[in-house]
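Note sheet for the following structure.
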Amino acid sequence: MKIAVIGAGYVGLVTGVSLAEIGHRVTCIDVDHEKVAMMTKGYSPIYEPDLEVMMKRNLHYGRLDFTTSHQKAFEGVDVIYLAVGTPQLPDGTADLQYIDQAARTIGTSLQKGCIVVTKSTVPVGTNIRIKALIEEKSMNKIKIDIVSNPEFLREGSAVYDTFHGDRIVIGAENQEAAAVLERVNQPFNIPIYHTDLNSAEMIKYASNAFLATKISFINEISAICEKVGANVDDVALGMGKDRRIGEHFLKAGIGYGGSCFPKDTNALVQLAGNNQHDFKLLQSVIEVNHSQQTKLIEKTREAVGDLQGKRVALLGLAFKPNTDDMREAASIPIAHALKEQGANIVAYDPIAIQNAKQHLPQGICYEESLINALTGAEVALILTEWKEIKTLDLSHYIKWMASPIIIDGRNCYPLNVVEKYPIHYFSIGRPTVNRRSVSVSVN
Ligand code: NAD
Ligand code: UGA
């Protein structure tokens, strides 16, 4: 099938490349000329494991191309995917300006009817509005079919998730359009769940809100664990063994970040409010998440006292491992708070430093290796559990830091391992280990 994807960001690019990989002829459109030039040469503008190799392969076989011209991409197209951003407005509602712009362009450029599929996360009722907008703008009075096909991929494992998802949700107004979308997706061999447009839109928000709730729940439990002397990692494992609860998304830490949980939870609270429902549970989830990020600052002050002039190493800056995405990363409020308290920050991330520079306060010293960041530091804060960070032998902290004090916001190290080293170690929802007075020889 001939497919056009509007918006080649984290979702659009992965979707376009994956649809090409399963045999479709795909054109990805983006308004960003620089991005399109880069992608045309086979380079991915985002860091996402396995994406660039797949991109290059499909460019080579002529199943994939990139353009800034919507009109060109729409020639003879069977299906158009909408994958533009839906960021949040100051009041928390979803900003639909990119969706509306893209819909208007479809209306004015499309020469014959086709299926328009919304991948972007949009409030309930938006698909109906998109269809109306496209048809209203169409000079030739073209009729389209609209399908809601929300995306559930995670950054950092986006390609894997696209090929191994738990379900594909197809919300449609008519069975013919739904059947075409089912055919498009059939090679992925993933169970398909059919529903109506409004329910598909709601499934996306409800899923993200539920996952965010699990995270805030375990973070609340972690606070109680600290007070009563339990270990939240063991608690989560024990809870997760109950299949009704499940083991996933029960990892306590410095709260959820990223481009979606924060904005989608806010948007759902707004959506509820606009429909005379006060979504108290989700409001608390959001509040817990905000306070979770500042807990690391409290622990840092507890460990080293006044931060004025102290050399603080930040290890990991992206909102999660295996991505260069800094949107709503916990490192942002943490770096600002440390800066305000006078700390000298040295920061390291294997991939996200370039993006981080646009989000973090001025005056941070960025290092190109973990060891350089640790050298001379009086305290190290682990913010992202990159493999390189969580597998770093603890002896390096002792060897390179001025004082081996670790504030681990991701519970990277098992406590029984930490106990073997003369380290002062704080983590989330687990007992503090303080063995700095123990003498151990480190090579
Ligand atoms: P993004 O910001 O990475 O990418 C959006 C792209 O659209 C940008 O490259 C931008 O230049 C382009 N664009 C904007 N207007 C355009 C237009 N009129 N024509 C062509 N290109 C245009 O966004 P994203 O993270 O990929 O998210 C896209 C949507 O998918 C959002 O609604 C988001 O909530 C949803 N989503 C994101 C993820 C994720 O992991 N990032 C996962 C599931 C769902
Ligand atoms: C999330 C969802 O997992 C995807 O299904 C969804 O498609 C996507 O949002 C979206 O709508 O954009 P993503 O934000 O890429 O994906 O990454 P996650 O792995 O969900 O992590 C989100 C945040 O939660 C990260 O900051 C992560 O560190 C944190 N997290 C995750 C925890 O603190 N604990 C956990 O147990 C899991």
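Both counts, for ligands and for their atoms, begin at 1 and track the order of listing. Keep in mind the model is a prediction, meaning the values are calculated, not measured.
Counting only heavy atoms of the protein, atom 5 (O) of ligand 2 lies nearest to Phe152 O, 2.7 Å. Taking atom 44 (C) of ligand 1 as the reference point, the nearest protein heavy-atom neighbour is Thr121 OG1, 3.6 Å. Scanning the protein heavy atoms around atom 34 (O) of ligand 1, the nearest turns out to be Lys263 NZ, 2.6 Å. In this structure, the protein non-hydrogen atom closest to atom 29 (C) of ligand 1 is Val84 O, 3.4 Å. Nearest non-hydrogen protein atom to atom 43 (C) of ligand 1 is Glu151 O, 3.4 Å. Scanning the protein heavy atoms around atom 9 (O) of ligand 2, the nearest turns out to be Phe261 CE2, 3.6 Å. Looking only at protein heavy atoms, the nearest one to atom 25 (O) of ligand 1 is Arg327 NH2, 3.0 Å. Given atom 8 (C) of ligand 2, the protein heavy atom at minimum distance is Leu153 O, 3.5 Å. In terms of protein heavy atoms, atom 30 (N) of ligand 2 is closest to Ile215 CD1, 3.5 Å. For atom 24 (O) of ligand 2, the closest non-hydrogen atom on the protein side is Tyr256 CB, 3.3 Å. Counting protein heavy atoms only, atom 41 (N) of ligand 1 is closest to Glu155 OE2, 2.8 Å. At the top of the distance list for atom 3 (O) of ligand 2, counting protein heavy atoms only, stands Arg154 CG, 3.2 Å. Looking only at protein heavy atoms, the nearest one to atom 5 (C) of ligand 1 is Gly85 N, 3.7 Å. Counting only heavy atoms of the protein, atom 12 (C) of ligand 1 lies nearest to Asp30 OD2, 3.3 Å.
Distances between N or O atoms of Gln101 and those of ligand 1 include no value under 3.5 Å. Residue-to-ligand polar distances place His70 within reach of ligand 1: an N/O pair is separated by less than 3.5 Å. The shortest N/O to N/O separation between Asn208 and ligand 2 falls below 3.5 Å. Residue Phe319 places at least one N or O, backbone or side chain, under 3.5 Å from an N or O of ligand 2. Polar contact with ligand 1: present for Lys35 (N/O pair, distance under 3.5 Å). Ligand 2 has an N or O atom lying under 3.5 Å from an N or O atom of Lys320, backbone or side chain. For Val11, a nitrogen or oxygen atom sits less than 3.5 Å from a nitrogen or oxygen atom of ligand 1, counting backbone and side chain alike.
If you check the side chains of Asp50 and Tyr160, you find no donor sitting under 3.5 Å from an acceptor. Side chain to side chain, Arg430 and Tyr413 fail the donor-acceptor criterion of an N or O pair below 3.5 Å. Side-chain polar atoms of Glu173 and Asn127 form no donor-acceptor pair below 3.5 angstrom.
Within a 6.0 Å sphere centred on CD of Gln71, heavy atoms belonging to other residues, nucleotides or ligands number 12 at most. Counting heavy atoms of neighbouring residues, nucleotides and ligands inside a 6.0 Å radius, atom NZ of Lys137 does not exceed 12 of them. Heavy atoms of other residues, nucleotides or ligands lying less than 6.0 angstrom from CZ of Phe217 number 12 at most. No more than 12 heavy atoms of other residues, nucleotides or ligands sit less than 6.0 Å from atom CG of Asp166. Remark: Lys387 NZ is loosely packed, at most 12 non-hydrogen atoms of other residues, nucleotides or ligands lying under 6.0 Å away. Tyr98 OH: 12 or fewer foreign heavy atoms inside a 6.0 Å radius.
A heavy-atom separation below 4.0 Å is found between Val31 and ligand 1. The closest approach between any non-hydrogen atom of Gly253 and ligand 2 is not below 4.0 Å.
For Thr323, no heavy-atom contact with ligand 2 is shorter than 4.0 Å. If you look at Ser259 next to ligand 1, the close heavy atoms, those under 4.0 Å, all belong to the side chain. Neither the backbone nor the side chain of Gln97 comes within 4.0 Å of ligand 1, counting heavy atoms alone. If you look at Ala158 next to ligand 1, there are no close heavy atoms at all, none under 4.0 Å. Within the 4.0 Å heavy-atom criterion, neither part of Ile46 lies near ligand 1. Using a 4.0 Å cut-off between heavy atoms, Arg154 makes no contact with ligand 1 at all.
If you number the atoms of ligand 2 from 1 as listed, the ones under 4.0 Å from a heavy atom of Lys204 come out as 6 (C), 7 (O), 10 (C), 11 (O). Numbered from 1 in the order shown, with element, the atoms of ligand 1 that lie under 4.0 Å from a heavy atom of Ile29 read 20 (C), 21 (N). Taking every heavy atom of Thr86 and a limit of under 4.0 angstrom, the matching atoms of ligand 1 come to 31 (C), 32 (O), 34 (O). Short contacts between ligand 2 and Lys251, defined as distances under 4.0 Å to a heavy atom of the residue, involve ligand atoms 32 (C), 33 (O), 34 (N), 35 (C), 36 (O). Atom numbering of ligand 2 starts at 1 in the shown order; those under 4.0 Å from a heavy atom of Arg410 are 28 (O), 33 (O). Within ligand 1, counting atoms from 1 as listed, the ones closer than 4.0 Å to a heavy atom of Cys260 are 34 (O), 36 (N), 37 (C), 38 (C). Taking a cut-off of under 4.0 Å to the non-hydrogen atoms of Cys260, the atoms of ligand 2 that pass are 9 (O), 10 (C), 11 (O), 12 (O). Close contacts between ligand 1 and Lys204 involve ligand atoms 43 (C) [criterion: under 4.0 Å to a heavy atom]. Residue-ligand proximity, Glu155 to ligand 2, at heavy-atom distances under 4.0 Å covers atoms 15 (O).
In plain terms, the two heavy atoms of Thr86 and Ser120 that are nearest each other are CG2-CB, 4.1 Å.
In this structure, the side chain of Asp408 engages the main chain of Asn411 through a donor-acceptor pair within 3.5 Å. Ser109 contributes no side-chain N or O that, together with a main-chain N or O of Ile106, makes up a donor-acceptor pair within less than 3.5 Å. Under a 3.5 Å cut-off, the side chain of Glu52 and the backbone N or O of Ser44 do form a donor-acceptor pair. The main-chain N or O of Glu155 is found under 3.5 Å from a side-chain atom of Lys320 such that the two form a donor-acceptor pair. Not a single donor-acceptor pair under 3.5 Å links the side chain of Asn140 to the backbone N or O of Ile142.
Ring centroids of Tyr348 and Tyr366 are separated by 6.0 Å or more, keeping the two rings apart.
With values rounded to the nearest 0.5 angstrom, Ile168 atom CD1 is found 5.0 Å from Ile192 atom CD1. With rounding to the nearest 0.5 angstrom, the CG atom of Asn58 is 7.5 Å from the CE atom of Met54.
Between Tyr47 and Trp386, the two ring planes are tilted [angle within 30° to 60°].
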Exercise for the section: Please report the C-alpha distance between Thr121 and Lys263 in whole Å, then the side-chain angles of each, then the deciding distance to 0.1 Å, and finally whether the side-chain contact (heavy atoms from CB on, under 4.5 Å) criterion is met. Expected result: CA-CA 10 Å; Thr121 304; Lys263 84 167 168 67; 4.2 Å; yes
